[in-house]
Number of protein chains: 2
Amino acid sequence: MTRQRQQILAVLAATRSHPSAEEVLAEVRRTLPGVSLGSIYRNLKRLREAGLVREIVTAEGRRYDAVTSPHPHFVCERCSRVYDLPEPVAAEALRRALPEGFAVSQIHLELKGTCPECGSLTS
Amino acid sequence: MTRQRQQILAVLAATRSHPSAEEVLAEVRRTLPGVSLGSIYRNLKRLREAGLVREIVTAEGRRYDAVTSPHPHFVCERCSRVYDLPEPVAAEALRRALPEGFAVSQIHLELKGTCPECGSLTS
DNA sequence: TGGTAGAATGTGAATGGTTCTCATTCCTAT
DNA sequence: ATAGGAATGAGAACCATTCACATTCTACCA
């Protein structure tokens with residue numbers, strides 16, 4: 001566990017904003033000014049493999065999340081912010097509805113639309 | 001509607017395999033040998049805007065789908081094939097479970113794991 | 001405390017999928 | 001037939017992510 005890796009994890013644990021790699025870089029640089037983007041990507045990958053971080057792939061890019069409990073996301077189509085949603089009941093039902101032979105390791109649920117911040121704006 | 005655009009739509013309508021842009025290119029070239037990758041992307045975008053085609057963004061890349069009815073997908077982690085799943089009951093329940101102020105326009109559900117083709121192989 | 005092996009870092013270059021530019025070609029409608 | 005506008009093909013440009021490599025750090029043990 002290097003200083004860089006700790007900071008990246010700390011940044012992700014401290015925010016609800018699902019930052020992109022660039023945003024993580026900016027935030028980590030506030031305490032470790034010398035960090036490189038390469039290290040951000042490398043460590044995000046390692047942390048992901050270790051199950052400590054999750055990557056959310058959307059049409060707008062990749063965003064990162066400290067893993068707490070599994071939960072679905074809501075992606076705003078206007079500002080592309082990612083919001084957490086409470087765990088839906090659906091997961092187990094879905095797993096049972098699957099055809100034979102499919103082994104599920106992750107359920108990824110994403111709703112799109114406009115968030116409260118954007119919904120109040122005139123288009 | 002140009003010949004290229006028709007062919008792209010035809011290719012997507014005729015397969016269940018959720019091809020990538022490159023795979024669409026290869027398939028369209030069987031009847032229109034001169035098509036360029038640029039046209040594939042341009043037309044996939046137009047068809048998407050027209051609601052005739054859907055883009056599925058996964059960690060493994062973007063894949064395309066002729067829109068029939070809304071349905072969730074299963075992505076194989078080993079071969080990255082995308083499979084259609086029957087429409088789950090969950091959608092309406094989910095919409096109701098959302099906090100105030102979120103307006104949903106799309107529900108994107110993706111399961112990951114191994115498909116029957118890969119499940120039988122030794123790792 | 002010092003020394004060392006192996007892993008992680010920063011830099012910058014490479015990659016690869018997607019978008020853009022632009023000159024040329026194709027439709028459509030007159 | 002012909003002009004105007006849109007779509008095309010070719011290739012350059014873009015940009016997020018990954019890679020390569022020389023340097024630095026970390027953890028561990030004497």
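Atom set for the values below is all heavy atoms of this structure, side chains included, hydrogens, waters and symmetry mates excluded. A quick note: this is a predicted structure, and the numbers were derived from the prediction, not measured. Letters A, B, ... mirror the listed sequences (proteins, then strands); counts begin at 1.
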Trainee: Measure CD1/I8(A) against P/dT9(C) and give the value in whole Å, please.
Mentor: 7 Å
Trainee: Would you say a side-chain N or O of T2(B) is under 4.0 Å from OP1 or OP2 of dT8(D)?
Mentor: yes
Trainee: Using a cut-off of less than 4.0 Å, is there contact between a side-chain N or O of R62(B) and OP1 or OP2 of dT18(C)?
Mentor: yes
Trainee: Look at Q4(B) and dG9(D) and indicate whether a side-chain polar atom (N or O) is within less than 4.0 Å of OP1 or OP2.
Mentor: yes
Trainee: Determine whether the side chains of R42(B) and S39(B) contain a donor N or O and an acceptor N or O closer than 3.5 Å.
Mentor: yes
Trainee: Apart from V82(B) itself, which Ile, Leu, Val, Met, Phe, Trp or Tyr residues share its cluster (side-chain heavy atoms under 4.5 Å, direct or through members)?
Mentor: I56(B), V75(B)
Trainee: Could you check if a side-chain atom of E55(B) sits within less than 4.5 angstrom of a side-chain atom of L44(B), using non-hydrogen atoms only?
Mentor: no
Trainee: Specify the separation, in whole Å, of atom CD of E60(B) and atom P of dT18(D).
Mentor: 12 Å
Trainee: In residues 22-54 of chain A, which residues come under 4.0 Å of DNA chain D by heavy atom?
Mentor: L37(A), Y41(A), R42(A)
Trainee: Could you tell me whether the side chain of L25(B) reaches within less than 4.5 Å of the side chain of L37(B), counting heavy atoms only?
Mentor: yes
Trainee: Whole-Å distance between dA8(C) P and L9(A) CG?
Mentor: 15 Å
Trainee: Take the protein atom CZ of R3(A) and the nucleotide atom C1' of dA8(C), then report the distance between them rounded to whole Å.
Mentor: 11 Å
Trainee: Could you check whether any side-chain heavy atom of E117(B) comes within less than 4.5 Å of a side-chain heavy atom of R81(B), counting everything from C-beta outward?
Mentor: yes
Trainee: CZ of R5(B) versus P of dG9(D): gap in Å, rounded?
Mentor: 12 Å
Trainee: Do T15(A) side-chain atoms and L12(A) backbone N/O form a donor-acceptor pair below 3.5 Å?
Mentor: no
